[in-house]
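I have placed the structure first, in the form of structure tokens, so that the comments after it can refer back to it.
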2 protein chains.
Amino acid sequence: MGTQPSTDRGRLTRQRIVAAAAEVVAEKGALGASLDEVGARAPASRSQLYHYFDDKNDLLLAVAEATNDTVLDGQQDLFDHLGTWDGLVRWSDALVAFLEERGGKGGCPIANLLGQLGERDDAIRAVLASGFDRWEADIRAGLAAMVSSGELRPDADVAWLASSTLASVQGGLVLSQARRDPLALRRALDGALELIASYRPI
Amino acid sequence: MGTQPSTDRGRLTRQRIVAAAAEVVAEKGALGASLDEVGARAPASRSQLYHYFDDKNDLLLAVAEATNDTVLDGQQDLFDHLGTWDGLVRWSDALVAFLEERGGKGGCPIANLLGQLGERDDAIRAVLASGFDRWEADIRAGLAAMVSSGELRPDADVAWLASSTLASVQGGLVLSQARRDPLALRRALDGALELIASYRPI
DNA sequence: TACTTACTGGACTACACAGTCCACTCATGA
DNA sequence: TCATGAGTGGACTGTGTAGTCCAGTAAGTA
């Protein structure tokens, strides 16, 4: 769990280390990221790292939490408008546009961490799962709002649709990452949208 | 690219090394898999490894190819019947059953390798992408057969549906891996199936 | 000023790992 | 029987890395 810093300076240092670690992990992978490089980037000395974190795993756990926040906070504005059909379309367009910017590279940071650490460390897996849970809950809330407002029929199973939509996003990102081409994400999202659209009133 | 062994004994040794490496990689991850452990598992000595492969990366490339084959050959019987609605349903049930057996652990081996190595080595990324391509082509062939036989309407865009369906599979596997629960895969597949079903003749 | 606690710097250790090296085996063929 | 060369065994090297250690500093308190 690492030490809880009791001063502001400490808190900032800890935060700086996590941010640097997240960058290095994104570039080199979780196992390829060395503490030396994290320290150099932060910048922070060896003993600062071990002052704020028990060991590398503990640091990676903090990185996982920070990754959840980065991914979800980055979409917050879009999540806020998921309660209308137009908002849903804008969200999907934004995801594709985001991937296009990066040339198909990278995929979803949460999924990447999961693939690298999920089977090795159960605490980290649980953290990343909670990230997906929050993401899915935001989608579900949007769909539920559309049911309430009558944009979707009451028989729409929002839990199922939200789960299936997030799966389309994740799968689309995986395929696009493999092919360095956002087309797969576009198609996956179009599939998810068309499924949701089939629950619009006639 | 490593040496092409000219004897049967050599070929078998090479194959044994790849199989052992694939096991170790599945357990410890691509970077966590040490050549010592691969050698111990094969069994094969240090110099055998470097006789058949240029370096660790070259070995991992062979593992990626073998992983493609394992995943796709394992589904071949199911792929062969993807040309009917019943076959499609059986395929999706088999995927969920397979994941249930493993308690939600593991996810898709191709996607796992991609997450670990895709951004680090472009040759490996390309190999894994070709695995997804083959997978998607098999689904597309099945859907096309359903269009031909009249089980799907002619206006069904099979390229889009195949891509979107594979994305649902991959995304469902990611979410299920995170949650250690096959429900997400079940929901994702139900979404994909319902989308396809919407193109059945009325 | 003296004392205490929180925090910091960076040298140091132990080790695991990729990759090298060379002597050896053993089948094949003259 | 010897020569050849593909294939093999495993000790060895250098390096990068996680984790330890302790002396030092800054800031707060008596």
Side-chain angles (χ1 to χ4, degrees), chain A residues 1-64 116-117 120-121 123-124, chain B residues 1-64 116-117 120-121 123-124:
Chain A
M1 275 287 138
T3 308
Q4 290 290 19
S6 53
T7 64
D8 276 351
R9 184 183 171 196
R11 250 180 294 274
L12 286 171
T13 304
R14 195 190 137 102
Q15 212 172 311
R16 215 174 59 230
I17 293 172
V18 174
E23 278 180 39
V24 178
V25 166
E27 287 168 24
K28 309 274 176 96
L31 284 129
S34 78
L35 295 185
D36 277 338
E37 192 163 352
V38 171
R41 177 99 47 129
S45 72
R46 223 51 211 288
S47 50
Q48 275 177 304
L49 265 48
Y50 282 91
H51 181 73
Y52 292 111
F53 304 95
D54 291 340
D55 50 25
K56 191 181 176 183
N57 234 32
D58 190 33
L59 173 57
L60 288 174
L61 190 73
V63 168
Q116 292 171 58
L117 302 171
R120 251 189 35 155
D121 186 298
I124 292 181
Chain B
M1 273 290 138
T3 308
Q4 289 290 17
S6 54
T7 65
D8 277 351
R9 186 185 171 196
R11 252 181 292 277
L12 287 171
T13 304
R14 196 190 136 100
Q15 212 172 310
R16 213 175 61 231
I17 293 171
V18 174
E23 277 180 38
V24 178
V25 167
E27 288 169 22
K28 309 272 177 95
L31 284 129
S34 79
L35 295 185
D36 278 338
E37 191 163 353
V38 171
R41 178 99 46 129
S45 73
R46 240 313 173 309
S47 51
Q48 276 177 302
L49 263 49
Y50 282 90
H51 181 71
Y52 291 110
F53 304 95
D54 291 339
D55 51 24
K56 191 183 175 183
N57 235 34
D58 191 34
L59 174 58
L60 288 174
L61 190 73
V63 168
Q116 292 172 58
L117 303 171
R120 252 188 35 153
D121 187 299
I124 292 180

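The figures here come from the full heavy-atom set of this structure, side chains too, leaving out hydrogens, waters and symmetry mates. Per chain, numbering begins at 1; letters A, B, ... match sequence-line order. Quantities reported herein were computed from a predicted structural model and do not represent experimental measurements.
The side chain of T13(B) contributes no N or O atom lying less than 4.0 Å from OP1 or OP2 of dG7(D). Remark: Q48(B) is in phosphate contact with dG9(D), judged by side-chain N or O atoms under 4.0 Å from OP1 or OP2.
Look at R120(B) and E27(A) and you find no salt bridge, because none of the NZ, NE, NH1 or NH2 atoms lies under 4.0 Å from a carboxylate O.
Distances were taken from every side-chain heavy atom of Y52(B) (C-beta onward) to each of dT8(C), dT8(D), dG9(D); the shortest belongs to dT8(D). Listed candidates were dG19(C), dG9(C), dT8(D). Nearest to the side chain of S45(A) is dG9(C). Nearest nucleotide to the H51(A) side chain, out of dT8(C), dG7(D), dG9(C): dT8(C). For Y50(A), taking side-chain heavy atoms from C-beta onward, the closest of the listed nucleotides dG10(C), dA18(D), dT20(C) is dA18(D). For R46(A), the listed nucleotide lying nearest its side chain is dG19(D); candidates were dG19(D), dT8(C), dC21(C).
Counting to the nearest Å, the P atom of dT20(D) and the NZ atom of K56(A) are 15 Å from each other. Summarising the geometry, the separation between CG on D55(A) and P on dG19(D) is reported as 5 Å, rounded to the nearest angstrom. One interatomic measurement links the two molecules: CG of L12(A) to C1' of dT8(C), which rounds to 15 Å at whole-angstrom precision. One interatomic measurement links the two molecules: CD1 of I17(A) to P of dC7(C), which rounds to 12 Å at whole-angstrom precision. The nearest whole Å value for the distance from the CZ atom in R14(B) to the C1' atom in dA6(D) is 16 Å. Look at CG on L49(B): it is 14 Å from C1' on dT20(C), rounded to the nearest Å. Distance CZ (F53(A)) to C1' (dT20(D)): 18 Å, rounded to an integer number of Å.
Considering all non-hydrogen atoms of both residues, A20(A) and R41(A) come closest at CB-CG, 3.7 Å. Nearest approach of D58(A) to Y52(A), heavy atoms of both residues: OD2-O, 4.3 Å.
Within residues 26-43 of chain A, the residues approached by DNA chain D to less than 4.0 Å at the level of any non-hydrogen atom are A33(A), S34(A), L35(A), in residue-number order.
A donor-acceptor pair under 3.5 Å is formed between the side chain of K56(B) and the backbone N or O of A33(B).
Once rounded to the nearest 0.5 Å, the distance linking CD of Q48(B) with CG of L35(B) reads 13.0 Å. With rounding to the nearest 0.5 angstrom, the CG atom of L31(B) is 6.5 Å from the CG atom of L117(B).
Side-chain contact between F53(B) and L60(B): absent, with no pair of heavy atoms (C-beta onward) separated by less than 4.5 Å.
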